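I have placed the structure first, in the form of structure tokens, so that the comments after it can refer back to it.
Side chains are part of it too, since the values below use all heavy atoms of this structure and drop only hydrogens, waters and symmetry mates. Please read these numbers as outputs of a predicted model, since none were measured by experiment.
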Amino acid sequence: LLAEAEATLAGGAVTVPAGYAARVPPGVRAPVSVAVREAAHPLPDARGERAADDALARAAALGPDDLLLVVLSGGASALWSAPPLGLSLD
């Protein structure tokens, strides 16, 4: 399944709470084209803001025939924090 995903997946991003990326079971890995990053939870931080900016840029770069799949779960508001213009996380 991973080989098929790598052959058809153009790219992606996954953001997990800090410390979770190191706890992936041995032998399990994300497809090469998927960026895995960590951010703070439950309080947002600059890493989550960068992750959200990257996700928005990836979405904006898609063409009319591209497929975008977004999966959000508990914690997404902290892991992908994108304050509106004029506001900051400080």
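- To the nearest 0.5 Å, atom NE2 of residue H41 and atom OG of residue S81 are 11.0 Å apart.
- The line from CG of L67 to CG of L69 is 6.5 Å long, rounded to the nearest 0.5 Å.
- The shortest heavy-atom contact between A82 and A52 is CB-CB, 4.0 Å.
- Residue pairs meeting the salt bridge (charged side-chain N to carboxylate O under 4.0 Å, His left out) criterion with at least one partner in residues 31-46, sequence neighbours excluded, are R37-D54, D45-R47.
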> Would L79 and V16 count as a side chain to side chain contact (heavy atoms under 4.5 Å, CB included) if you check the C-alpha gap in whole Å, the side-chain angles of each, and the deciding distance to 0.1 Å?
Replying inline: CA-CA 7 Å; L79 296 173; V16 297; 5.7 Å; no
> L68 and V70: side chain to side chain contact (heavy atoms under 4.5 Å, CB included), yes or no, with the steps?
Replying inline: CA-CA 6 Å; L68 173 65; V70 178; 3.9 Å; yes
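- Shortest non-hydrogen contact noted between L89 and A46 is CD1-N, 3.9 Å.
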> Given L72 and W80, is the side chain to side chain contact (heavy atoms under 4.5 Å, CB included) satisfied, shown in steps?
Replying inline: CA-CA 10 Å; L72 300 174; W80 273 9; 4.1 Å; yes
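- There is no path of hydrophobic side-chain contacts, each under 4.5 Å, that joins V14 to V24.
- Between G11 and R58, the closest heavy-atom pair is C-NH1, 3.9 Å.
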